[in-house]
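Worksheet: the structure to be examined is printed underneath.
Counting starts at 1 for both ligands and their atoms, in listed order.
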Amino acid sequence: MTVHRSHRSHRSYDATTAGLVRHSLAVLRDGRHPSGAYVACPNYPTYQYAWLRDGSFCAYAADLWGEREEAAAFHRFVARTVLRHLGREADSGRAEADLRLPTRYTLTGEFEPAGAQAWPNFQLDGYGTWLWALRDHRARGGVLDDEILRAAGRTADYLDATCALPCYDCWEEYGDRRHTSTLATLVAGLEAAAELLGRPALSDRAAGLRAELDSAAHLGDAGYIKHDASGGVDASLLWLALPFGVVAPDDPRMTATAERIGAELTGPGGGIRRYLGDEFYGGGEWILLTAWWGWYRAALGDREGALRAARWIEAAATESGDLPEQLTATPQFADRVEPWTRRWGPVATPLLWSHAMYLVLADALARL
Ligand code: BGC
């Protein structure tokens, strides 16, 4: 059976890809709360929240596949949530720079109950990613009403006030550092807001962060590095090229970075790890990062490489087509798989963000 892209392409996929595309769209649809929020994973107890990071990529994937209303509902959810919390803090006279907005909210947009999770919450990348996704949504025909634009303005003010602070990275780690991929989301988010809101001062702020990105704190002799106190790479550095475009995919700074990611972070199974030394469930091979790798290969015109990533992901799906967060068959630390499993349960499956990134890769393959 083949799936024909209704909205754009004459291309068709083979049965495996068609099946996983269809299932992935259903997983996103089913994982969307009536509020518009996307749950990170419906079956994993500690992921019963809406992360702006995960959700923005889910909305992006929905938009790519013509599910405009789904994406719109997510953006309305974020707008309501942001206005509720930023509005309240501002009313009580607190400066935005003093705020530490959370990375995740309940599915109805509240802060999680105090003490609910031990996991760190102050991360700026989700807010930058949201602003970027919002502009993309508009570029694809989405309509941004007054409430959404007001929320975008407040979010931009918040980032303007906080973007020089260290914060936890997209993996919720190393909260005292400046993270290279987080900086990329801030550059892209502030630039998107500058355009959406007609506020050029936000572009100036983004330019300052761009300069920081290219300073020795983030760019070494062999490309970009994970954070300002690390010589290593992290697969999230691929974000600099895609989708945030702070550097072109074939820029030597990016190709050098990607070369290191390919050499150091490809696991024995062929999937991509987060970074060397990752102990979370032993530090296995991640679905969403392998999709990112394939997306990047596609951007370089390497159809074979992109296809290889898609095949790897398709083989990683469970019998019902669900995609986990990571595969733990070939971990970096074999003795760390069991303690995480005992504490939190099996790896989160299906992870909506994994499905979203597979959809992004499938879309990129269709364009090659
Ligand atoms: C990951 C985050 C992700 C969250 C929800 C965490 O384990 O490190 O990147 O946003 O799970 O999927």
Quiz prompt | Residues forming a side-chain hydrogen bond (donor to acceptor under 3.5 Å, both in side chains) with E279, sequence neighbours excluded | solution =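 For E279 the side-chain hydrogen bond (donor to acceptor under 3.5 Å, both in side chains) partners, ignoring immediate neighbours, are R336.
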Exercise. Any ring-ring contact (aromatic ring centres under 6.0 Å, His included) involving residues 173-203? Give me the pairs, sequence neighbours left out, ordered by first then second residue.
Key: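 Listed once each, the pairs are Y174-H227, H179-H227.
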Exercise. Write down, by chain and number, every protein residue that brings a non-hydrogen atom to less than 4.0 Å from an atom of ligand 1.
Key: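 Residues A40, Y47, W51, R53, D54, C170, W171, E172, R274, F280, E325, L351, W353 each place a heavy atom under 4.0 Å from ligand 1, listed by chain and number.
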Quiz item: Out of W132, W292, W295, which one pairs with W239 under the ring-ring contact (aromatic ring centres under 6.0 Å, His included) rule?
Solution: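 With W239 as partner, W132, W292, W295 yield a single ring-ring contact (aromatic ring centres under 6.0 Å, His included), made by W292.
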Exercise. Could you tell me whether E264 and R273 have a side-chain N and a carboxylate O separated by less than 4.0 Å?
Key: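 Looking at E264 and R273, the cut-off is not met.
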Self-check item: Sequence neighbours excluded - salt bridge (charged side-chain N to carboxylate O under 4.0 Å, His left out) pairs with any residue from residues 120-130
Solution: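 Applying salt bridge (charged side-chain N to carboxylate O under 4.0 Å, His left out) to every pair that reaches into residues 120-130, excluding sequence neighbours, yields R53-D125.
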Quiz item: Going through the checks in order, is the side chain to side chain donor-acceptor pair (under 3.5 Å) test met by Y275 and Q332?
Solution: CA-CA 10 Å; Y275 59 90; Q332 298 181 54; over 6 Å; no
